[in-house]
Amino acid sequence: MNGVLNNSVQFIPGVGAKRAQVLEKELGIRTLRDLLYYFPYRYIDRSRIFRIGEIRDESAAYVQIRARVESVQIAGEGPRKRLKVTVTDGSGWAELVWFKGINWIQRQLEINREYIVFGKPSIFNGMLNMVHPELESTLVERDRLRVGVQGMYSTTEKLNSNHISSKVLYGIICNAWQLADKHIPETLPASVLREYGLMGLRDALYHIHFPGGQEQLKAAQTRLKFEELLAIQLNILKLKNYRTTRSKGFIFGVVGEKFNRFYREKLPFPLTGAQKRVIKEIRADVAGGRQMNRLLQGDVGSGKTMVALMSMLIAIDNGYQACIMAPTEILANQHYESFTELLSGLGIRVALLTGSVRNRPRKELLADLEKGDIHILIGTHALIEDRVKFFNLGFVVIDEQHRFGVQQRARLWTKNHYLPHILVMTATPIPRTLAMTLYGDLDVSIIDELPPGRKPIKTLHYYESHRLRMFGFIRDEIAKGRQVYIVYPLIRESEKMDYQNLEEGYVGITQAFPPPQYVTLVVHGKMKQADKDYGMRMFKEGKAHILLATSVIEVGVNVPNATVMVIESAERFGLSQLHQLRGRVGRGGEQSYCILMTSVKLSAESRKRMQAMVATTDGFELSEMDMQLRGPGDLQGTQQSGMAFELKIASLSRDGQILQLARGAAERILEDDPVLAKAENQHLVELCKRYEAEKEIDFSMIS
Ligand code: ADP
Ligand code: MG
């Protein structure tokens with residue numbers, strides 16, 4: 001039924017075997033459908049022909065003129081060699097410039113002939129200039145399939161070198177349309193189209209490539225965004241339904257001796273209201289006869305670790321093992337040390353498994369784990385290796401989830417015959433839309449309260465020229481007995497990037513803070529694990545004043561006596577990273593500071609990021625801002641968060657409303673047809689398949 005759309009693009013006029021190969025390799029386009037779902041990234045109005053004389057400034061992104069070639073001339077030499085073509089349309093002159101493909105262009109051009117010239121205008125010495133414009137003879141203009149608003153398609157260098165420009169792609173899509181037009185089956189059920197007033201798929205694909213006008217374009221975009229978000233939501237909800245109906249989960253019926261003794265004898269501070277509430281939510285989940293999948297969001301320093309620890313005690317009280325996976329060894333070590341201390345005397349065996357645990361100790365550890373002699377296993381992603389086998393794993397904590405991909409999350413689930421309860425913790429607040437997409441299958445708990453007595457961190461933005469002032473500031477804090485982090489984006493000097501680096505920073509710092517009066521330590525990602533641990537321990541024990549580091553200390557590290565976080569070349573870091581780094585201070589009762597050092601030359605976006613950091617310490621606010629600053633190109637963000645596929649058209653930062661509607665539609669569709677078995681939903685099934693994440697989990701292994 002979808003026959004034609006599955007055909008290879010090779011048979012589209014103008015493609016052929018060679019180009020088909022390039023299209024697949026570069027853009028993943030294999031079939032007619034893939035091609036029709038390759039949407040323009042922007043649109044330009046090609047119905048309008050400008051007069052040269054009316055283009056006075058550079059405000060228009062692209063313009064089109066109809067002009068006659070007056071002269072063709074080669075200027076400059078070597079890399080400066082360029083082709084200069086002067087054209088006129090009677091209202092003025094314009095200069096067209098090419099630096100590449102000079103010979104080819106020159107051969108094509110005829111003096112005195114009229115061309116349609118299309119490009120980005122710039123005004124140079126009072127004259128209109130266009131660099132590498134597109135040229136079309138006015139004859140071809142009449143043959144164009146459509147004149148009007150036209151899509152621009154993004155291409156790659158490889159495509160361009162195979163002469164597949166945006167314009168050529170457009171031509172190919174025109175040809176593809178002739179083949180596909182009559183054979184585009186609707187993916188959405190008629191009831192959904194009606195209810196949400198959506199454009200049909202055939203029309204939507206037509207107008208997304210060949211929009212008749214703004215209104216139709218908008219309707220086409222809405223429809224395709226809806227389709228995309230619906231498919232994703234259906235997949236997420238199907239997974240969730242599967243878990244809740246098929247997989248009962250272990251029932252942790254009792255809150256027993258270990259939990260109670262810990263609570264009475266060991267707990268070093270009263271829990272905050274938010275911590276208590278979340279522990280209650282977790283208790284209700286694990287006692288309730290269904291497998292828990294909970295996302296715990298809480299800003300840096302909000303005390304998520306204690307929640308994890310106490311939840312694990314419930315598992316142990318019910319005879320199960322628990323584990324916690326951390327993204328770095330430093331963090332795993334830290335958890336190990338604090339857990340061992342907090343749990344001492346309770347008869348609970350805690351073990352640490354990281355890449356540094358090798359040979360015999362590792363063998364013994366694995367054997368004990370399988371026998372059930374270890375109650376709590378703490379580790380890095382070493383935990384998900386196949387050789388790690390539990391006796392009866394009942395509770396899994398994943399710390400700082402944003403650092404792990406969806407797949408890693410899935411692999412821990414398969415560590416028992418039944419799915420263990422899963423608690424995913426993150427301090428990187430995720431905008432609601434992203435959370436709904438990435439973790440739409442999870443229930444969410446939020447710690448929205450910091451432990452008492454914390455003072456909000458003061459954030460300052462200093463330019464390079466204020467370096468001495470920054471040193472003075474550090475000196476004062478150290479004199480008060482506090483400790484200081486200084487974080488660098490690079491370990492050593494880089495030819496490509498003009499940022500501060502740790503090696504040079506070390507020289508400068510030890511000059512300004514000379515030993516033995518001051519002790520400065522270094523920790524970075526390229527160091528041996530044992531050296532990193534040693535450095536961290538010294539700092540933690542207060543044996544050093546200053547810790548120079550790369551972003552290895554970004555997540556989780558807890559040294560309450562550190563009150564200053566200096567971030568060098570702060571413009572190099574994203575908002576969520578800056579916020580994480582800042583979260584390393586302000587963990588004790590003292591006033592803490594974050595100093596953002598940047599060069600004076602800042603892009604508008606970097607400046608906004610610094611302003612945002614200075615203005616707020618609210619991680620949720622920052623994450624929304626982050627999304628907005630990144631704009632529709634938030635792909636990077638989603639990839640970092642472990643999203644396994646790219647959104648083709650919807651934007652999680654802009655299309656929250658459509659996402660809500662799609663979520664509602666998905667819920668209703670599944671209510672009516674839980675496994676999408678009905679005939680009218682079969683096209684939906686196909687659609688969903690296209691948006692499946694990498695195989696998230698192989699259920700046959702567990703049930
Ligand atoms: P995060 O949520 O960023 O993982 P942590 O769990 O590392 O935060 O906690 C940060 C610090 O706050 C730790 O030093 C921890 O001991 C402390 N802490 C946690 N809960 C409380 C509380 N209820 N009262 C006082 N201090 C607390
Ligand atoms: Mg933490």
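Just follow the structure's listing: the first ligand is 1, and inside any ligand the first atom is 1.
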### ligand 1 contact on Pro270 by region, counting heavy-atom pairs under 4.0 Å
backbone
### Task
Would you mind listing which atoms of ligand 1 come within a distance below 4.0 Å of any non-hydrogen atom of Thr272?
23 (N)
### Task
Could you tell me whether a side-chain N or O of Asp317 sits under 3.5 Å from a main-chain N or O of Phe259, the two making a donor and an acceptor?
yes
## Note on the structure
Counting heavy atoms under 4.0 Å, the part of Gln275 that contacts ligand 1 is side chain
### Task
May I ask you to decide if the ring planes of His545 and Tyr518 are parallel, tilted or perpendicular, using 30° and 60° as cut-offs?
perpendicular
### contact_flag Gln297 ligand 1 heavy-atom lt 4.0 Å
no
### Aromatic ring pairing Phe471/Phe513, orientation class (parallel under 30°, perpendicular over 60°, tilted between)
perpendicular
### Message
With a heavy-atom distance limit of 4.0 Å, tell me whether Lys276 approaches ligand 1 through its side chain, its backbone, both, or neither.
### Response
neither
### Task
Identify the two heavy atoms, one from Met470 and one from Glu568, that lie closest to each other, and give their separation to 0.1 Å.
CE-OE2, 3.7 Å
### Query
Is Gly298 near ligand 1, meaning one of its heavy atoms is under 4.0 Å from it?
no
### Message
Ring-plane angle category for Phe250 and Phe252, please: parallel below 30°, perpendicular beyond 60°, tilted otherwise.
### Response
parallel
### Task
Would you kindly specify which portion of Thr305 sits under 4.0 Å from ligand 1, judged on non-hydrogen atoms: side chain, backbone, both or neither?
both
